[in-house]
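So the structure is just underneath, and the comments pick up after that.
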Amino acid sequence: MAATAPGEPEAPLDGSPSGIVERIQQQAERLHISIGAICNNNCVFCMEEDRDARYVNNSAMTPERVRWMLEENRGAEEVCFTSGEPTTNEHLPTYVAWSKALGYRRISVMTNGRRLGYTPYTAQLLKAGMNRFYISIHGHTKKLHEGLTRTPDSFEQTVAGLDVIARVKRLGVELHTSTVVTERNLPHLLTIYRFLRAHGVDQVVFNVMQANGRANTYFEQIFPRYTEIASTFRALLQDEPDARAFLVDIPLCTTEGVPDFNRGYVERYKHFDLADQVNLPTENAEERRQQGKGKGLVLVTRQDLDEFQRDKRPECASCRYNAVCEGVWRNYLRRYGWEEFSPVPPAP
Ligand code: SF4
């Protein structure tokens with residue numbers, strides 16, 4: 001099963017190379033740890049459609065296994081607790097403290113942020129060493145956000161979480177958001193951007209849906225065309241030329257004209273899943289199992305999970321972005337075909 005929550009953000013970091021190709025090529029790999037057996041939201045686009053499989057997999061990430069993963073991957077540039085809703089796992093503060101003691105410099109969580117509105121809980125995470133928060137929020141109003149999360153009161157709670165983290169940024173904590181772009185919130189990108197910046201968000205990431213899980217089930221209702229998304233994002237940048245807004249997980253040929261600074265990418269990461277839950281489509285599946293070192297786990301990378309679900313066509317070979325492009329979701333191509341994707345000639 002996929003271990004990541006929908007739409008993990010990545011955006012340019014200060015001091016990183018400015019070109020999108022170089023940034024993608026030079027990114028460091030992160031460690032993701034999947035600890036949320038359940039989620040208290042019910043997002044219409046969630047890529048983790050198989051709740052039972054997620055429950056089995058993430059429930060098996062016991063403290064002993066988490067400790068082993070942390071020890072095994074010391075030196076990774078970031079550890080991110082993710083999948084399901086990680087704050088529903090009572091051990092999260094302990095895991096954060098372990099990460100800090102083991103020398104992880106950046107310790108993050110991908111969360112709907114609802115529990116962060118409880119200041120004592122957030123204080124526990126901060127004290128343990130968490131220093132980056134990725135909060136998922138999909139609209140600037142209750143109606144828009146909760147229409148997508150299908151969870152009453154999730155808007156007020158998520159915004160309360162955002163506000164708590166914004167107040168502690170002076171301690172060196174980073175606040176990023178992830179907004180999954182759908183037909184419903186696409187017309188409001190600029191307003192959402194301004195709303196989030198007004199709430200103290202450092203980086204506003206607009207994540208294009210992965211055409212898997214529920215996003216595939218409800219594709220016809222919620223999945224906009226890439227070209228529509230790109231043109232709406234370009235319009236946002238005309239109104240906010242210095243925006244700290246980033247468009248992530250969209251083929252680069254559709255976002256020509258968007259400054260490289262505002263083009264993000266889905267980060268490279270590895271994680272471990274239960275060995276008997278995953279059917280790895282890689283040639284070296286056995287070697288990956290061995291990397292679980294007798295813990296009943298298998299090493300999985302995002303590329304493993306994506307590659308067999310995305311496609312390129314022969315024309316892609318001449319594209320400037322071919323080396324870093326992962327291709328287009330097959331589920332997207334089944335609906336809309338190739339007409340939006342034209343190879344971009346190499347830079348002169
Ligand atoms: S390689 Fe193909 S899909 Fe990827 S950006 Fe280029 S034309 Fe688009």
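Ligands are counted one by one from 1 in listed order, and the atoms in each one are counted from 1 as well. Since the model is a prediction, treat every value here as computed from it, not as a measurement.
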**Message:** Closer than 2.8 Å to atom 2 (Fe) of ligand 1: does that hold for any N, O or S atom in C316?
**Reply:** yes

**Prompt:** Under 4.0 Å between a Lys/Arg side-chain N and an Asp/Glu carboxylate O for E72 and K293?
**Reply:** yes

**Which residue and heavy atom of the protein sit nearest atom 8 (Fe) of ligand 1, plus the separation** = C253 SG, 2.4 Å

**Asked** In ligand 1, which numbered atoms sit nearer than 4.0 Å to a non-hydrogen atom of P343?
**Response** 7 (S)

**Request:** Flag C319 as yes if one of its N/O/S atoms falls below 2.8 Å of atom 6 (Fe) of ligand 1, otherwise no.
**Result:** yes

**Request:** Would you please classify the geometry between the H145 ring and the H138 ring as parallel, tilted or perpendicular, with 30° and 60° separating the classes?
**Result:** parallel

**Item:** Residue pair R51 / Y55, side-chain donor-acceptor N/O under 3.5 Å
**Value:** no

**Message:** Between D202 and H176, do the side chains contain a donor N or O and an acceptor N or O under 3.5 Å apart?
**Reply:** no

**Prompt:** For G327, is the nearest heavy atom under 4.0 Å from an atom of ligand 1?
**Reply:** no

**Request:** Flag the pair E78 and R132 as a salt bridge only when some basic side-chain nitrogen lies within less than 4.0 angstrom of an acidic carboxylate oxygen.
**Result:** yes

**Complete:** Nearest non-hydrogen protein atom to atom 4 (Fe) of ligand 1, with distance, is C325 SG, 2.3 Å

